[in-house]
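Here's the structure, in structure tokens; my notes come after.
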Amino acid sequence: MTIKEQPKPPRSRLIANILLAVSGLFLLLNLFLPSLFASGPAGVPYSLFIHQVQEGEVSRVSVGQNQIRYQLKTESGDPGPIFITTPIFDLELPKLLESKGVEFAATPPPKNSWFTTVLGWIVPPLIFIAIWQFFIARGGGQQGVLSIGKSKAKVYVEGESAKITFADVAGVEEAKTELVEIVDFLKTPSRFTQIGARIPKGVLLVGPPGTGKTLLAKAVAGEAGVPFFSISGSEFVELFVGVGSSRVRDLFEQAKKQAPCIVFIDELDAIGKSRSSNGFYGGNDEREQTLNQLLTEMDGFAAGDATVIVLAATNRPETLDPALLRPGRFDRQVLVDRPDLSGREAILKIHSQKVKLGEDVNLKAIATRTPGFAGADLANLVNEAALLAARNQRQTIAQADFAEAIERIVAGLEKKSRVLSDTEKKIVAYHEVGHAMVGASMPGSDRVEKISIIPRGMAALGYTLQLPTEDRFLMNEAELRGQIATLLGGRSAEEIVFGSITTGASNDLQRATDLAERMVTTYGMSKVLGPLAYQQGQQAMFLGNGAPNPRRMVSEDTAKAIDSEVKEIVETAHAQALEILKQNRELLEAIATQLLETEVIEGEKLHSFLKQMQSVTE
Ligand code: ADP
Ligand code: MG
Ligand code: ZN
């Protein structure tokens, strides 16, 4: 849908530079050419000419700008040879000529008359100014003097051919419903203003990266058929103080001219960070000014004014300045979350329209295997699968291509080059089998689908893949404890088999501890501490398993209690994991031996192994 995209590519700047050079050359020529022409032979000295006039020897005179041509009287009366002299500024000359009865006239302007000279002096600067204006009007190039302070907004004008609509976005139904209303505002603002409703000015799209926020904003513009100004928050913030705010001013000026339209500010957090949280930089004047200008502009267009709707996107709403979220600014917030199972299937359907699918491809099965994937990940998945099929010289994409693409994306590319020593391999094998066995015996935990000791990606030496049988939004205490035990399963296996532990389990421990801490401080699952939230603010759900928020100010006693509760949860889980593995020691050996042989165990084979597990007798 990018019919017209500004700013112009560097090519047009090149043309401008050439134009500038040409007009400069023109200017120089005008300076020197006249004097070149004029510096021909001066002819008769002016004094001699005057003398000849006074003596009555001259018959006709033609007075020009740069020279005087004249003829002398001859006895025969025939016109004689033409003499030339260079005139001196002399107002008396006409009088003198008249008094002597000389026939005289002014020469019509020759090539280098005052007219062309004036033209030569005035036109090049005009060209120069025109180019300057042109570039300023178009928002300038990427950098350079011409563009300072001017908005770098890209303007998308929807075209019929590549228009993005809501049909191109899937899996974010709630967000779509909210935005349909915005489309109505843009299409028929009068319907709302007539009964005195205030059209919302700002809509904030909140969600993790790649969930389709930018896509949704474009779809709103496409549905409403209005221009779409897009700029990224980080582009406002520049080295020079004052540039950002003038960019904001300029952007809104442009937008108002094109109203109704949409202004889309991506990465709003880059400018909209809370002004109080400037940290040790001692205040960032530039960003603050830019933010203030943005607030001013949003307050600026009142009801009945041009319909400019500001859409903004961020994945860190908690860092935004509260002033931005006040009524009349970004008072509407739309959550654009990761898609659920059916949403993922719908997104896959959209993106697989562009590729050739084989007959065995089952999009639903792919969707089941990709929990947590955002829209952009799924788009990437389809492309990866297509690449794999092409690499294998196939005409269509097979289900197996998707399976491999998923693994690639989930665990990073296979690193065949990384070679483990035999002992390392053995440790990794027992470690992973430990995860799998504990995981398999935990209540409500995901099914273990695959164990592998082929190193992948950056961190993992091996991995255990658990797939949920359904999408989960809520977990109970037992399930969380089960997850912690599963995380500790790897280390527990190392302890049992080798009697020592390696550094390989550090990531597991980190995750287990974080989870336990969240159980106590966020989910209120500790009997000792009660249903209190000890963490500050709300952990944004969609941000996933990020680092825990900073703790609320708590008394020293409470802090100690939290620590001991967390420790208790982790230690209980550890003991549980040890117990399970000890109880099934032979099976642990059997699976690990098999794993060392084949490097990967998955599917039915794995299930039949894990079915042999004995439940822990207590
Ligand atoms: P965000 O702005 O939230 O980071 P984008 O809108 O830039 O994400 O998404 C990047 C790409 O991923 C889109 O161009 C589109 O191809 C794909 N995509 C993301 N979300 C969706 C979705 N919900 N439906 C269809 N495609 C999506
Ligand atoms: Mg985006
Ligand atoms: Zn592990």
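One-based numbering, in listed order, for ligands and for the atoms of each. Bear in mind the structure is a predicted one, so any value in this text is a computation, not a measurement.
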In this structure, does ligand 1 have an atom that sits under 4.0 Å from one of the heavy atoms of [X]?
X	result
K218	no
G210	yes
N380	no

Q) To the nearest 10°, what's the angle at the Zn ion (ligand 3) between atoms NE2 (H431) and OD2 (D508)? A) 90°
Residue, atom name and distance, where the atom is the protein heavy atom closest to [atom]:
atom	value
atom 6 (O) of ligand 1	L215 N, 3.0 Å
atom 8 (O) of ligand 1	G212 N, 3.2 Å
atom 21 (C) of ligand 1	G375 CA, 3.7 Å
atom 26 (N) of ligand 1	H351 NE2, 2.9 Å

Q. Have Q293 and E297 got a donor and an acceptor in their side chains that come within less than 3.5 Å?
A. yes
Q. Would you say the side chains of T572 and E568 form a donor-acceptor pair under 3.5 Å?
A.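 Side chains of T572 and E568: pair found under 3.5 Å.
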Q: Nearest 0.5 Å please: distance from the CD atom of E384 over to the CG atom of D377.
A: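 Rounded to the nearest 0.5 Å, the CD-CG separation comes out at 11.5 Å.
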Q. Which one of P208, A313, A170, A376 has a non-hydrogen atom at the shortest distance from atom 24 (N) of ligand 1?
A. A170
**Q.** Closest to atom 2 (O) of ligand 1 among T214, I350, N315 (heavy-atom distance)
**A.** T214
Q. Do you know which N/O/S atom name in H435 is closest to the Zn ion (ligand 3)?
A. NE2
Do the side chain of [X] and the main chain of [Y] share a donor and acceptor less than 3.5 angstrom apart?
X	Y	answer
N362	A365	yes
R491	I501	no
R344	P339	yes
E174	L335	no
K213	V336	no

Q: Give the atoms of ligand 1, by number and element, whose distance to some non-hydrogen atom of P209 is under 4.0 Å.
A: 4 (O)
Q | D168: numbered ligand 1 atoms lying under 4.0 Å from its heavy atoms | A |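 Near D168, meaning under 4.0 Å from one of its heavy atoms, ligand 1 has 24 (N), 25 (C).
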Q | N, O or S of E432 under 2.8 Å from the Zn ion (ligand 3) | A |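 Short answer: no, not a single N, O or S atom is under the cut-off.
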(Q) Below a 4.0 angstrom heavy-atom separation, can you tell me which part of L378, side chain or backbone, both or neither, approaches ligand 1? (A) neither
Q) Parallel, tilted or perpendicular: which describes the rings of F228 and F264, with under 30° parallel and over 60° perpendicular? A) parallel
Q.
Polar contacts were defined as any N/O atom of the residue lying under 3.5 Å from an N/O atom of the ligand; does this apply to A379 and ligand 1?
A. no
Q) Do other residues, nucleotides or ligands put more than 12 heavy atoms under 6.0 Å from the CZ atom of R394? A)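 Buried by this count: over 12 neighbours within 6.0 Å.
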